[in-house]
Protein chains: 2
Amino acid sequence: MTKTATDSDIQALSASLERLVAMVRRLTPPSAGLSLTAASTLRSLELSGPCRLSELASAQGITQPAMTQLVTRLEREGYVHRGGSPDDARVVLVNITASGRALLHHRRQARTEALHGLVDLLPAADREAVFAAVPALNLLAELGQTDDRSRNR
Amino acid sequence: MTKTATDSDIQALSASLERLVAMVRRLTPPSAGLSLTAASTLRSLELSGPCRLSELASAQGITQPAMTQLVTRLEREGYVHRGGSPDDARVVLVNITASGRALLHHRRQARTEALHGLVDLLPAADREAVFAAVPALNLLAELGQTDDRSRNR
DNA sequence: TATTGTTATACTCTATAACTATA
DNA sequence: TATAGTTATAGAGTATAACAATA
């Protein structure tokens with residue numbers, strides 16, 4: 001029946017996303033050691049392997065200087081490592097360390113536990129609706145990631 | 001069939017939420033004028049009406065001094081107003097201004113437009129799964145909000 | 001000359017500790 | 001003495017502009 005998305009559908013989704021962001025922020029606040037951008041950058045490195053600094057910056061939607069500083073902090077804490085490229089001496093290849101992987105693992109466990117507590121409070125029907133939507137939500141998030149808004153920096 | 005949530009369900013949801021947060025951050029970056037906390041605080045004021053500074057702080061999961069400063073910035077920009085309580089002279093009641101409401105409205109429009117672009121790229125089945133999950137996601141977010149973790153500050 | 005990354009500088013956002021004013 | 005909020009100070013996180021090194 002829902003052939004195309006109506007504005008009111010989109011607005012409801014948008015409002016829901018706003019609330020979910022607030023929830024996630026409370027589940028793993030920056031006080032837990034990593035800012036949202038720092039955590040997201042680590043995750044990205046975990047998936048991609050060694051990655052250029054400029055690619056990391058555009059993937060996170062922040063500027064190159066901001067990523068330089070973030071990587072400097074992450075390197076100081078031992079979560080990433082800066083290496084050079086054999087092909088191009090200008091390039092810096094950033095990679096996640098074992099310690100960085102361990103940190104991600106720990107954060108995921110903590111959040112999973114907290115989420116478990118919340119999800120268990122949901123009525124069964126709602127719980128199933130949420131899980132049923134996970135693949136679609138992943139697709140949506142992926143589209144948002146590869147969308148080239150703010151690539152032009 | 002899904003009687004209780006399995007760990008792998010929860011982990012998939014958790015990972016999905018991480019990606020959605022990254023997407024939302026790119027849709028309305030802090031460069032658009034308001035940080036996530038600032039926007040969330042305004043939204044909260046829009047819903048609740050005049051609110052004590054300490055309540056705002058605990059609702060957002062930040063400290064009282066951080067909220068003092070955020071409210072100072074928002075007041076300087078004209079988005080909120082500080083008033084006293086007639087009952088208790090220690091209390092500050094913060095309220096949103098017409099300008100603050102207008103800002104929220106504008107941001108919502110911008111995000112809704114951007115989301116529309118993404119949602120239209122989803123296959124119809126995924127689109128419907130997302131919309132079908134919205135009420136459940138709202139409920140989940142609400143549980144996360146009223147959950148009293150990090151109330152003890 | 002263009003690209004990759006860093007440095008310099010400034011502002012937001014957050015925390016903890018110490019303080020003021022009121023209850 | 002306890003509570004509501006502010007001030008002081010420090011550090012993370014971000015931006016823009018100017019720079020160095022390499023292609």
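Throughout, a chain's letter reflects where its sequence line sits, starting with A, and its residues are numbered from 1.
- For the pair A/Gln69 and A/Leu93, both in contact range of DNA chain C, the more 5′-proximal nearest nucleotide belongs to A/Leu93.
- Straight-line distance from the CZ atom of B/Arg73 to the P atom of D/dG13: 16 Å, rounded to whole Å.
- Contact between the side-chain N/O atoms of B/Arg76 and the OP1/OP2 oxygens of C/dC11 is not found at any separation under 4.0 Å.
- A close approach under 4.0 Å does not occur between any side-chain nitrogen or oxygen of B/Thr68 and OP1 or OP2 of D/dG5.
- Nearest heavy-atom pair, B/Arg127 versus B/Asp120, reported as atom, atom and distance to 0.1 Å: NH1-O, 3.9 Å.
- For the pair A/Leu34 CG and C/dC13 P, the interatomic distance rounds to 20 Å; values are reported in whole Å.
- The CG-P distance, from A/Leu36 to C/dT14, rounds to 11 Å in whole Å.
- Under a 4.0 Å N-O distance rule, the pair B/Glu18/A/Arg43 qualifies as a salt bridge.
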For nucleotides 19-23 of chain D, give me every protein contact, N/O to N/O, under 3.5 Å, one pair per line with atom names.
{"from": "D/dA23", "atom 1": "OP1", "to": "A/Ala89", "atom 2": "N", "distance (Å)": "3.0"}

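- Across all strands shown, B/Thr72 has no heavy atoms under 4.0 Å from either base or sugar-phosphate atoms.
- Protein atom CD of B/Gln64 is 19 Å distant from nucleotide atom P of C/dC13, rounded to whole Å.
- Put simply, the side chain of B/Ser99 never gets that close to the backbone of B/Tyr79: no donor and acceptor are under 3.5 Å apart.
- The phosphate of C/dT6 has OP1 or OP2 within less than 4.0 Å of a side-chain N or O from A/Arg82.
- Contact check, A/Thr63 against D/dT14: no side-chain N or O comes under 4.0 Å of OP1 or OP2.
- The main-chain N or O of B/Asn138 is never found under 3.5 Å from a side-chain atom of A/Arg19 such that the two would form a donor-acceptor pair.
- Residues of residues 43-55 of chain B having a heavy atom closer than 4.0 Å to DNA chain D, listed by number: B/Arg52, B/Leu53, B/Ser54.
- A salt bridge is absent between A/Arg107 and A/Glu113: the closest approach of a Lys/Arg side-chain nitrogen to an acidic carboxylate oxygen does not fall below 4.0 angstrom.
- The CD atom of B/Glu75 sits 13 Å away from the C1' atom of D/dT6 (whole-angstrom rounding).
- Donor-acceptor pairing under 3.5 Å is lacking for the side chains of B/Gln60 and B/Ser44.
- Applying the side chain to side chain donor-acceptor pair (under 3.5 Å) criterion to A/Thr72, with sequence neighbours excluded, gives A/Arg82.
- Judged by distance alone, the side chains of A/Thr6 and A/Asp9 do bring a donor and an acceptor atom under 3.5 Å apart.
- Between A/Ser35 and D/dA12, a side-chain N or O to OP1/OP2 separation shorter than 4.0 Å is absent.
- Within 6.0 Å of atom NE2 in A/His116, more than 12 heavy atoms from other residues, nucleotides or ligands are found, so the atom counts as buried in its surroundings.
- Going from atom CG of A/Leu56 over to atom P of D/dG13 covers 15 Å, rounded to whole Å.
- With DNA chain D read from its 5' end, the first of the two nearest nucleotides for B/Val92 and A/Ala38 is the one closest to B/Val92.
- B/Leu70 has its CG atom 7 Å from the P atom of C/dT14, to the nearest Å.
- The nearest pair of heavy atoms linking B/Gly49 to B/Asn95 is C-OD1, 3.9 Å.
- Rounding to whole angstrom units, CE of residue B/Met67 and P of D/dT6 are separated by 11 Å.
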